Each structure stands twice: as C-alpha cells, then as structure tokens.
Asker: 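Here it is, the structure in full.
Not measured: the values here are computed from a predicted model. Every chain is numbered from 1, with letters handed out A, B, ... down the list of sequences.
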Number of protein chains: 2
Amino acid sequence: MSLEHILLGMLRTPATGYDLRAEFLAGARYFWSAELGQIYPALASMEQRGWLKSSRQPSPKGPQRRIYRRTAQGTRELRRWLASEPIMGTERFAYLAQLIFLGELGDLDQTERFLQQLREKQSALLELLDQVRQGTSGAAQCDSQTTDAEFHEWLCIMFGARAVGARVQWCDEALEIVRRRRASQKEKQK
Amino acid sequence: MSLEHILLGMLRTPATGYDLRAEFLAGARYFWSAELGQIYPALASMEQRGWLKSSRQPSPKGPQRRIYRRTAQGTRELRRWLASEPIMGTERFAYLAQLIFLGELGDLDQTERFLQQLREKQSALLELLDQVRQGTSGAAQCDSQTTDAEFHEWLCIMFGARAVGARVQWCDEALEIVRRRRASQKEKQK
DNA sequence: ATGACCATGTAATCCGTTACATGATTCG
DNA sequence: CGAATCATGTAACGGATTACATGGTCAT
C-alpha cells in the first residue's frame with residue numbers, strides 16, 4: 001500500500017485531499033500520482049486507523065475544507081515505511097512493448113517516426129522535472145546551506161532527470177542507428 | 001488496454017497462457033508483466049472478440065494445453081496499436097517517494113543505507129537486461145546481418161540498459177554527495 | 001511420499017480511473 | 001449568464017495480484 005504512505009509523507013504540514021491532489025499535479029506526479037476518487041477514501045480510512053486526525057474549517061469559496069494532520073501513530077508508521085527496503089514495483093513501459101513489436105512490421109520508417117515521437121514525450125517529461133527543480137525553494141543547486149528536506153528533494157529530482165535524460169539521449173542515438181540501417185538496406189536492394 | 005495488445009504481439013508464434021507467463025518471467029518483465037490470473041481471462045476474451053483462435057493439444061504432463069494463435073483480425077488490431085502514438089503510462093516509483101521523505105528524518109546514515117540498497121536493486125535489474133541480451137539470438141551486437149525483429153529487440157534492451165545504467169550511476173554519485181554532506185555537517189557541530 | 005513443475009481455470013480482493021452528484025464563488 | 005475553480009464525497013468500472021481448486025508427471 002504505497003499511496004497511503006505517500007500521503008502520510010506529504011502531510012508534513014496539514015492539508016486537505018484537494019490540496020494533496022494539487023501537489024501531485026504540480027510536480028509530485030513525476031514519481032507518483034492519484035485522483036481525488038482514490039485520495040478521499042484513502043484519507044478517511046487512514047483516519048479510522050488512527051494515522052490521521054481531521055478537522056473542518058470554513059472555506060472562502062465552496063464547501064467546508066476537511067484538514068488532515070498526522071497523528072503520532074501516523075508518524076511512527078511513516079518512519080517504519082521509510083526504514084523498510086526500497087520498494088521496487090513492477091515497471092510497465094507500454095512504449096517499449098510497441099517498439100519491440102514494431103520489428104514484426106519490418107518498416108523502418110514507422111520505427112523512425114515512433115522514436116521521434118517517443119523522444120518528444122520523454123523530453124517533455126524532462127521539462128517537467130526542470131520546472132519542479134525551479135519551483136522548489138533551494139533545489140536548484142545544492143550545498144551545505146540547503147536543509148535536509150531540500151537536499152533530499154534535490155536528490156530525487158536529479159535521479160529522475162538523469163534517468164529520463166539517458167532515455168532522450170538513447171532516442172537520439174537510436175534514430176541515427178535506424179537511419180544508417182535503412183540506408184544499408186536500400187543499398188542491398190539494388 | 002495494453003496487456004491484450006502485448007499478448008497479441010507475443011503471439012508471433014502460437015503459445016499457451018502458461019508459455020506467455022514464462023516469457024514474462026524470463027525477461028519480458030523488464031517492460032511488462034502479468035500473472036496467470038489475468039492472462040487466462042484476457043486470452044479467452046480476445047478469442048471471443050475474434051483476435052485469437054485456440055486449439056487443444058494433449059500435453060506429456062499435466063492437463064491439455066490450449067494453444068492460441070493470432071487471427072488475421074488480431075494481426076490487423078496489433079498493427080493498428082503499433083501505428084498509434086507511444087503510450088506513456090503514469091510512472092510510479094515508490095522508492096523515490098521514500099527517498100524524498102527520508103529528508104524529514106534528518107538522518108543521513110539512513111539515507112546512505114537506503115541509497116546503497118537502491119543501488120543493489122537497480123544493478124540487479126541491469127543484470128536481468130544483460131541476461132536477456134545474451135539469451136536472445138542475435139541481440140548481443142547489432143549490424144546489418146541481424147533481422148528486423150532482432151534489431152528492434154536490441155533497441156529495446158539498449159533503451160532499458162541505458163536508463164537503468166544511468167540510475168546506478170546516479171546512486172554512486174549520490175552516495176558520494178551524501179558522504180561529503182555528512183562530513184561537513186559533523187564539522188559544523190564542533 | 002513429498003515437493004516442484006506442468007497446466008488450466010475461477011473467485012476474492014485491491015488498486016486506480018472515470019463518472020456522477022452537489023453546491024458556492026469568481027471571472028469574463 | 002456561463003465557465004472555471006474550490007471542495008467533498010460516492011459509485012461504477014477496469015486492471016492487477018493473490019488465493020483457491022484440480023490433478024497429472026517427475027525427481028529426490
């Protein structure tokens with residue numbers, strides 16, 4: 001159950017379900033995401049379990065806000081989760097499946113088009129990471145001045161940026177290789 | 001519905017549900033995975049839709065094998081899927097969430113331990129990719145001799161290897177940075 | 001004989017997305 | 001006035017994992 005622990009972590013300061021979704025949309029979505037239809041029930045069940053405590057507060061617009069805060073028990077549970085091993089979920093990359101099966105078509109033009117589109121999408125992801133980097137207080141660089149929280153955020157963003165950057169680079173190299181292969185195939189045909 | 005199209009792609013040669021799961025376990029799991037409880041119903045519903053046709057055949061051990069093959073309609077559907085845009089699912093990396101929230105603990109020893117474990121797991125993934133590379137006919141290198149299918153497989157494996165390789169490298173760099181930071185923190189305490 | 005592997009299938013459960021229902025405020 | 005945003009919640013559905021049920025073969 002990762003989502004509940006991630007919500008626990010995000011509740012370092014009290015927030016509503018609506019706020020938490022906004023945080024996902026604003027940047028946290030580079031490592032996780034969830035919709036309101038999942039967030040509200042999750043928060044409710046966490047409160048029942050004693051990890052959270054909610055209070056209601058009027059809102060300038062719209063209905064009353066339900067503000068959640070971590071309890072001591074919730075904090076203990078978060079720490080337990082953090083002390084456990086790194087969680088490796090099964091990775092699912094549909095686009096790699098598409099690329100591998102494109103081999104059956106035997107049309108390198110299609111493969112080239114596909115790799116170009118993939119490159120676009122990956123570099124869009126890179127831009128998101130860049131925005132997140134700029135959007136956070138001190139995470140642009142990192143020295144001994146930054147707080148522990150900022151430092152860890154920086155580590156995570158760099159992790160993503162490196163991995164996605166490598167993907168973009170590979171798209172470029174692969175495009176070159178595909179073009180060369182197509183050229184050598186056309187020669188053979190003569 | 002990616003799974004069904006991936007099964008369609010894997011059925012370039014006829015196979016049973018059991019075989020397909022074995023293929024996931026043997027290597028395809030670096031980009032997708034599924035359990036029998038999902039595979040059998042998926043194959044059945046694809047047959048009803050006319051994408052597959054099954055035949056039964058006795059097995060030396062165990063019950064009769066149900067062998068699925070693609071129909072012409074199934075092949076058309078696969079091509080349609082391949083010609084669509086690269087599918088970008090929401091990525092979910094629980095370990096990045098853990099890393100980011102480790103900042104709240106303010107214990108760099110914990111962070112270091114975590115990064116070491118993460119490095120181990122990522123390099124295990126790299127090894128899987130290497131095994132897959134060696135396990136496939138011609139995908140060790142890639143020249144104009146290799147078939148289109150082998151070539152595309154090689155592209156995919158390289159894609160994964162680059163991305164995961166970058167993660168491992170980042171773990172190493174991050175470990176260095178964490179150690180330096182801890183050292184400078186200890187100096188300040190004096 | 002006990003356990004591992006072959007082989008198929010169903011059912012329960014959980015995780016996630018999308019749609020529905022409600023209603024106030026704010027901006028164009 | 002209509003659309004967007006604020007805000008909470010439920011319901012329906014689909015995707016994925018795990019457990020259950022069944023039973024044969026093979027090696028230790």
Asker: Nearest whole Å is fine: how far is D:dG9 P from A:E35 CD?
Answerer: 17 Å
Asker: Testing the 3.5 Å rule here: is there a donor-acceptor pair between the side chains of B:Q110 and B:R113?
Answerer: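 Side chains of B:Q110 and B:R113: pair found under 3.5 Å.
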Asker: Side chains of A:S59 and A:R65: any donor to acceptor distance under 3.5 Å?
Answerer: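 No donor-acceptor contact under 3.5 Å links the two side chains.
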Asker: Looking only at the side chains, is there a donor atom on one of A:T75 and A:R79 sitting less than 3.5 Å from an acceptor on the other?
Answerer: no
Asker: Under 4.0 Å, heavy atom to any atom of DNA chain D: which of residues 6-14 of chain A qualify?
Answerer: none
Asker: Starting at CG of A:L20 and ending at C1' of D:dC6, how long is that distance when rounded to a whole Å?
Answerer: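 Roughly 15 Å, once rounded to whole Å.
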Asker: Taking the nucleotide of DNA chain C with the closest heavy atom to each, which residue, B:R56 or A:S2, is nearer the 5' end?
Answerer: B:R56
Asker: Indicate yes or no: does A:E77 engage A:R49 in a salt bridge with an N to O separation below 4.0 Å.
Answerer: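 Between A:R49 and A:E77 there is no salt bridge, as every charged N stays at least 4.0 Å from the carboxylate O atoms.
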Asker: For a 4.5 angstrom cut-off between non-hydrogen side-chain atoms, does B:T146 reach B:H152?
Answerer: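 Side-chain contact under 4.5 Å: no.
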Asker: What is the distance, to the nearest angstrom, from the CD atom on B:E4 to the P atom on D:dG14?
Answerer: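 Spelled out: CD on B:E4 to P on D:dG14 is 12 Å.
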Asker: Considering only side-chain heavy atoms of A:Y18, which listed nucleotide, C:dT8, C:dA7, D:dC6, is closest?
Answerer: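 Output: D:dC6.
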Asker: Between B:R21 and B:Y40, is there a side-chain heavy-atom distance shorter than 4.5 Å?
Answerer: no
Asker: Phosphate oxygens OP1/OP2 of C:dC6: is one of them under 4.0 Å from a side-chain N or O of B:S59?
Answerer: no
Asker: Flag the pair B:M158 / A:E173 as yes when at least one side-chain heavy-atom distance between them is below 4.5 Å, and no otherwise.
Answerer: no
Asker: Compare side-chain N and O positions of A:R65 against OP1 and OP2 of D:dA7 and report whether any pair is under 4.0 Å apart.
Answerer: yes
Asker: With DNA chain C as reference, determine whether B:R21 or A:W32 sits nearer its 5' end, using the nearest nucleotide of each.
Answerer: B:R21
Asker: What nucleotide, of D:dG15, D:dA16, C:dT26, holds the atom closest to the side chain of A:K61?
Answerer: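 Closest of the options to the side chain of A:K61: C:dT26.
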Asker: Which heavy atom in A:S84 sits nearest to a heavy atom in B:Q98, and how many Å separate them?
Answerer: OG-NE2, 3.6 Å
Asker: Applying the ring pair (Phe, Tyr, Trp, His ring centres under 6.0 Å) criterion to B:Y95, which one of A:W81, A:W32, A:F159 satisfies it?
Answerer: A:F159
Asker: Got a sec? Which of residues 85-94 of chain B come in under 4.0 Å of DNA chain D, heavy atoms?
Answerer: none
Asker: Check whether any side-chain N or O of A:R66 sits under 4.0 Å from OP1 or OP2 of D:dG9, and answer yes or no.
Answerer: yes
Asker: Determine: side-chain N/O of B:T16 to OP1/OP2 of C:dA7, distance under 4.0 Å, yes or no.
Answerer: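 B:T16 to C:dA7 OP1/OP2: no side-chain N or O under 4.0 Å.
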Asker: Is any side-chain N of the basic residue among B:R12 and B:E153 closer than 4.0 Å to the acidic one's carboxylate O?
Answerer: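 Not counted as a salt bridge, because no side-chain N and carboxylate O are separated by less than 4.0 Å.
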Asker: Testing the 3.5 Å rule here: is there a donor-acceptor pair between the side chains of B:S55 and B:R69?
Answerer: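 Looking only at side-chain atoms, B:R69 and B:S55 do form a donor-acceptor pair, the distance falling under 3.5 Å.
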Asker: Rounded to the nearest Å, what distance is computed from the CD atom of residue A:Q64 to the P atom of nucleotide C:dA24?
Answerer: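 After rounding, the gap between these two atoms is 14 Å.
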Asker: From the list C:dC6, D:dG15, D:dA16, which nucleotide is the closest neighbour of the side chain of B:L3?
Answerer: D:dA16
Asker: Atom CD of B:Q57 to atom P of D:dG24: distance rounded to whole Å?
Answerer: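 Nearest whole value for this atom pair: 20 Å.
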Asker: Check each residue of residues 36-51 of chain A for a non-hydrogen atom within less than 4.0 Å of any atom in DNA chain C, then write out the ones that pass by number, or none.
Answerer: A:G37, A:Q38
Asker: Mind checking whether A:L125 and B:E91 have side chains closer than 4.5 Å, heavy atoms only?
Answerer: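 In contact.
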